[in-house]
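Everything numeric in this text was worked out from a predicted model, so none of it was measured. Hydrogens, waters and symmetry mates are skipped; everything else that's a heavy atom, side chains included, is used.
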Amino acid sequence: MPEGHIAERVAREHKRYFGRQRLRIDSPQGKFEHGAGLLDGACLVNVTAIGKHTLHRFRRDENAPAARDLWMHVHLGLYGKWASGDLPAPALRGMVRVRLLGEQHWAELRGPTTCEVLNGAGLKRLTERLGEDPLHTKLSGAAAYAKIANSGRPIGELLMDQAVVSGVGNVYRAEVLFRHGIAPHRPGNRIAAEEWTALWMDLETLMRSGVRLGRIITTAAADRDSRSRTVHPADQYYVYRRHGLPCRVCGTPVSVELAAGRRLYYCAVCQPA
DNA sequence: GCAAAATGTCAAG
DNA sequence: TTGACCTTTTGCA
């Protein structure tokens, strides 16, 4: 399920399955009928991810200017999901917002919060409102830190703000703060530059591993077993959804509280105020 | 058979 | 801060 690592994983898979192909695109459920009509039969030029967003770039004619390219913009939200496989495509089941058919593969999208067609201007508007993505290796996290260091808002909230850092969700937020012993309540302007550098580098490491594994594993279990196949779900996280269970490091029961409508998990001892 | 939950976002009050 | 929205899966009657 969907934080930035899933968006990146989908982008890579779809590029491999469908890149440079003219795709059949439809919306069996009907909610994307108009968009599918715009894109059906066009060539998929590229697929990229920014934060939790994926962007399928289409060009209708080989000779058409790139300025007329269109993007299918998808945000999975809380429970959106892509499925895919080798042709033939399975019989339709349930609510399929978008179906892609390529030369050898199919893909189906269910339950996204956003699925729309953007032109170049729309894409620009989207990217301008997103903060740095730790999966984009050229980025240093400096722009994100400039926002954090100037804010009195808690770091736990800043990490979830897609205009500050894009791609981090509730799991990575909780886990990375635990790994660095930082209380989620600490104001951004009290995060030292060295602390931020370490957090940013760790986010990159954790999210890269998430892209590779298809799931988030932040505990030492992942270091011991880099393939992660044998890492039991109960050993995936330090604090996420472990409230009431003993902290893996100090044994104190893990805390949970509601912050900005989301459950926030942390260890009050390992992440002191 | 039905309610609740799930790694998210936006807009209304 | 709350509710609405997108859909499937899980758990309990």
**OP:** Determine, step by step, whether A:Glu108 and A:Arg110 satisfy the salt bridge (charged side-chain N to carboxylate O under 4.0 Å, His left out) criterion, reporting the C-alpha distance in whole Å, the side-chain angles of both residues, the deciding distance to 0.1 Å, and the verdict.
**Re:** CA-CA 7 Å; A:Glu108 290 174 348; A:Arg110 291 179 165 78; 3.0 Å; yes
Subject >> Evaluation steps, salt bridge (charged side-chain N to carboxylate O under 4.0 Å, His left out), between A:Lys147 and A:Asp161 >> reply: CA-CA 11 Å; A:Lys147 293 172 186 166; A:Asp161 183 341; over 6 Å; no
Subject >> side chain to side chain contact (heavy atoms under 4.5 Å, CB included) between A:Arg215 and A:Val231, intermediate numbers included >> reply: CA-CA 11 Å; A:Arg215 63 176 177 150; A:Val231 174; 3.8 Å; yes
Subject >> Stepwise salt bridge (charged side-chain N to carboxylate O under 4.0 Å, His left out) check, A:Asp235 with A:Arg248 >> reply: CA-CA 10 Å; A:Asp235 297 328; A:Arg248 296 189 193 282; 3.8 Å; yes
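More than 12 non-hydrogen atoms from other residues, nucleotides or ligands lie less than 6.0 angstrom from CD of A:Glu257. Counting non-hydrogen atoms of other residues, nucleotides and ligands closer than 6.0 Å to CZ of A:Arg24 gives a total of 12 or fewer.
Across the protein-nucleic acid pair, A:Leu78 atom CG and C:dT9 atom C1' stand 13 Å apart, rounded to whole Å. At whole-Å resolution of the value, OH in A:Tyr240 and P in B:dA5 are 13 Å apart. The interatomic distance linking A:Arg262 (CZ) with B:dT7 (C1') rounds to 7 Å, in whole Å. Atom pair A:Leu203:CG and B:dT7:C1' shows a separation of 14 Å (rounding to whole Å applied). Rounded to a whole Å, the NE2 atom of A:His53 is 12 Å from the C1' atom of B:dC10. Separating the CZ atom of A:Arg97 from the P atom of C:dC5 is a distance of 13 Å, rounded to the nearest angstrom. Between A:His75 atom NE2 and B:dT9 atom C1' there is a gap of 7 Å when expressed in whole angstrom units. Going from atom CZ of A:Arg215 over to atom P of B:dA6 covers 18 Å, rounded to whole Å.
The listed nucleotides are B:dA6, B:dC10, B:dT9; the one nearest the side chain of A:Arg129 is B:dC10.
Taking side-chain N and O atoms only, A:Lys52 has a distance below 4.0 Å to OP1 or OP2 of B:dT9. The shortest distance between the side-chain N/O atoms of A:Arg263 and the OP1/OP2 oxygens of B:dA6 is below 4.0 Å.
The pair A:Arg12-A:Glu8 meets the salt-bridge criterion, since a charged nitrogen lies less than 4.0 angstrom from a carboxylate oxygen.
With hydrogens and angles disregarded, no donor-acceptor distance shorter than 3.5 Å links the side chain of A:Arg153 to the backbone of A:Gly188.
In this structure, A:Ile148 is not a member of the same hydrophobic cluster as A:Met160, with clusters built from ILVMFWY side-chain heavy atoms closer than 4.5 Å. By the criterion of side-chain heavy atoms lying less than 4.5 angstrom apart, applied directly or through intervening Ile, Leu, Val, Met, Phe, Trp or Tyr residues, A:Leu203 is grouped together with A:Val164 in one hydrophobic cluster.
Just one of A:Lys15, A:Arg59, A:His14 meets the side-chain hydrogen bond (donor to acceptor under 3.5 Å, both in side chains) condition when paired with A:Asn46; it is A:Lys15.
No close placement of the A:His56 and A:Phe18 rings is indicated, their centers lying 6.0 Å or farther apart.
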Between protein and nucleotides 11-13 of chain B, what N or O pairs are separated by less than 3.5 Å?
none

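The stretch residues 153-174 of chain A touches DNA chain B through A:Gln162, A:Gly169, A:Asn170, A:Val171, each having a heavy atom under 4.0 angstrom from the strand. For DNA chain C, the neighbouring residues in residues 89-96 of chain A, judged by any heavy atom under 4.0 Å, are A:Gly94, A:Met95.
Going from the P atom of B:dA5 to that of C:dA13 covers 14 Å, rounded to whole Å. Separation of the P atoms belonging to C:dT8 and B:dC10 is 23 Å when rounded to the nearest angstrom. Using atom P as the reference point in both C:dG11 and B:dT7, the two lie 15 Å apart (nearest Å).
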